[in-house]
J.: 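Got a structure for you, written out below as structure tokens; questions coming shortly.
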Amino acid sequence: MPLVARYDIDAAKKSWSRESLVGRESTMWRYRELMPLFDGEQPVSLGEGWTPMLHAERLGRELGLPHLYVKDESPNPTNSFKARGLSAAVTRAAHLGATVLSIPTAGNAGNAMSAYAAKAGLTAKVFMPRDVKKPFIRECELYGADVTLVDGLITDAGKMAAELNARHGWYDVSTLKEPYRIEGKKTMGYEIAEQMQWTLPDWIIYPTGGGTGMVGMWKAFDEMSALGWIDPKKRPHMVTVQAANCAPIVRAFDEGTEKARPWEGATTIADGLRVPRAIGDFLVLRAVRESGGAAVAVNDADMVPGMKDLGRFEGISAAPEGGAALHALRVLQQQGRITAKDRVVVFNTGGALKYLDVLEPGLKSGPTQAARRPGL
Ligand SMILES: *Cc1c(COP(=O)(O)O)cnc(C)c1O
């Protein structure tokens, strides 16, 4: 069972107001009253969070969606929103006295953990699939982490890490095995509310791997409802986006099951979505269903045009995961579920730079072929 952090919200409600946020630091720690920090403690921070909420006017015009926004997570430290979760997790680990941190990762989480471990002066052990893109490996090493390449997927890396953690007493920073990564990622929910003047959008479209972000944002909406900061009846429809060749949560959503069966033979250019089994799957499914949301699987060949559209219309450096989210928006528009009156937030969860190989001209499933598609 995943661990979840709980706070005394009634106490917070009495002493903490939305208005008090004005002028606070431009990081996710501006919400520290409901973050895992005790009074007097300092976070391990590299300036994560409080990322831009961009009104995508040109892309919105092209799509006929005047209220289209992109929550751009690419400016985070180490270029993805994994910085949020790992800033919170490493902060807590450091205060608890851990010295060696260990993580199985599809790429970005390892980069983020390595950077925060370096900042805190802790040792980082990173376990990643052998075929992960080179920039992810080199960046962990840049921050001084010990990298172990594992045959197989993130789940296999997780098995190896778990064995070594047990043997050596290393601190396990896997998603949902400790409760703090959710606490970091929930700040995306707080930021959306604050940046949209406390009226949440109609739709949030989010590329989902382990699901920490979905679960975190849904928790943030619960907390903000309890604080009286948002209208509990106006919560967004949550859309989970996965890769067509690794879509366990989309399949479970379609089949109406409470949990997701593991996906066999997972492959996708979106490394962050290459998660064949997520221990928080039922929490993601619950959030999508409670919100009246949707689950959409996107082909790799459609992610690249999505990246390019975010680039050429909006100047945004998008990871394939962000490209997937944009494509999912189009699918929901074609189905008539999202229309011109809707306020929509699409998540770009990371930057393009570590994935530049997918933009090389002439790749089979890549841009040359996909860019010739008619229309946008
Ligand atoms: C990890 C990752 C995701 C998936 O995030 P979860 O919150 O674990 O579902 C999406 N995009 C990128 C770029 C990632 O690194």
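Just follow the structure's listing: the first ligand is 1, and inside any ligand the first atom is 1. Note that the structure is a prediction, hence the values are computed from the model and not measured.
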J.: Which residues pass the side chain to side chain contact (heavy atoms under 4.5 Å, CB included) test with Pro52, not counting sequence neighbours?
T.: Leu54, Pro75
J.: When you pair each N or O of ligand 1 with protein N or O atoms, which pairs come out under 3.5 Å?
T.:
| residue | atom | partner | partner atom | Å |
| --- | --- | --- | --- | --- |
| ligand 1 | 7 (O) | Lys185 | NZ | 2.8 |
| ligand 1 | 7 (O) | Tyr206 | OH | 2.7 |
| ligand 1 | 7 (O) | Thr212 | N | 3.3 |
| ligand 1 | 7 (O) | Gly213 | N | 2.9 |
| ligand 1 | 8 (O) | Gly210 | N | 3.2 |
| ligand 1 | 8 (O) | Gly211 | N | 3.4 |
| ligand 1 | 9 (O) | Gly209 | N | 2.7 |
| ligand 1 | 9 (O) | Gly210 | N | 3.3 |
| ligand 1 | 9 (O) | Gly211 | N | 2.7 |
| ligand 1 | 11 (N) | Thr349 | OG1 | 2.7 |
| ligand 1 | 15 (O) | Lys82 | NZ | 2.8 |
| ligand 1 | 15 (O) | Asn108 | ND2 | 2.9 |

J.: Parallel, tilted or perpendicular: which describes the rings of Phe221 and Trp218, with under 30° parallel and over 60° perpendicular?
T.: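 Ring orientation of Phe221 relative to Trp218: perpendicular.
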J.: Is there a donor in the side chain of Glu33 and an acceptor in the side chain of Tyr7, or the other way round, less than 3.5 Å apart?
T.: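 Note: Glu33 and Tyr7 side chains miss the donor-acceptor criterion.
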J.: Pairs in or reaching into residues 196-205: which pass side-chain hydrogen bond (donor to acceptor under 3.5 Å, both in side chains), with residues at least two apart or in two chains?
T.: Trp203-Asp342
J.: Would you list the atom pairs, donor with acceptor, under 3.5 Å between side chains in residues 114-128 and any protein atom, with sequence neighbours excluded?
T.:
| residue | atom | partner | partner atom | Å |
| --- | --- | --- | --- | --- |
| Ser114 | OG | Gly110 | O | 2.7 |
| Tyr116 | OH | Glu48 | OE1 | 2.6 |
| Lys125 | NZ | Asp146 | OD2 | 2.8 |

J.: Do Arg235 and Ser225 come within less than 4.5 Å of each other through their side chains, counting heavy atoms only?
T.: yes
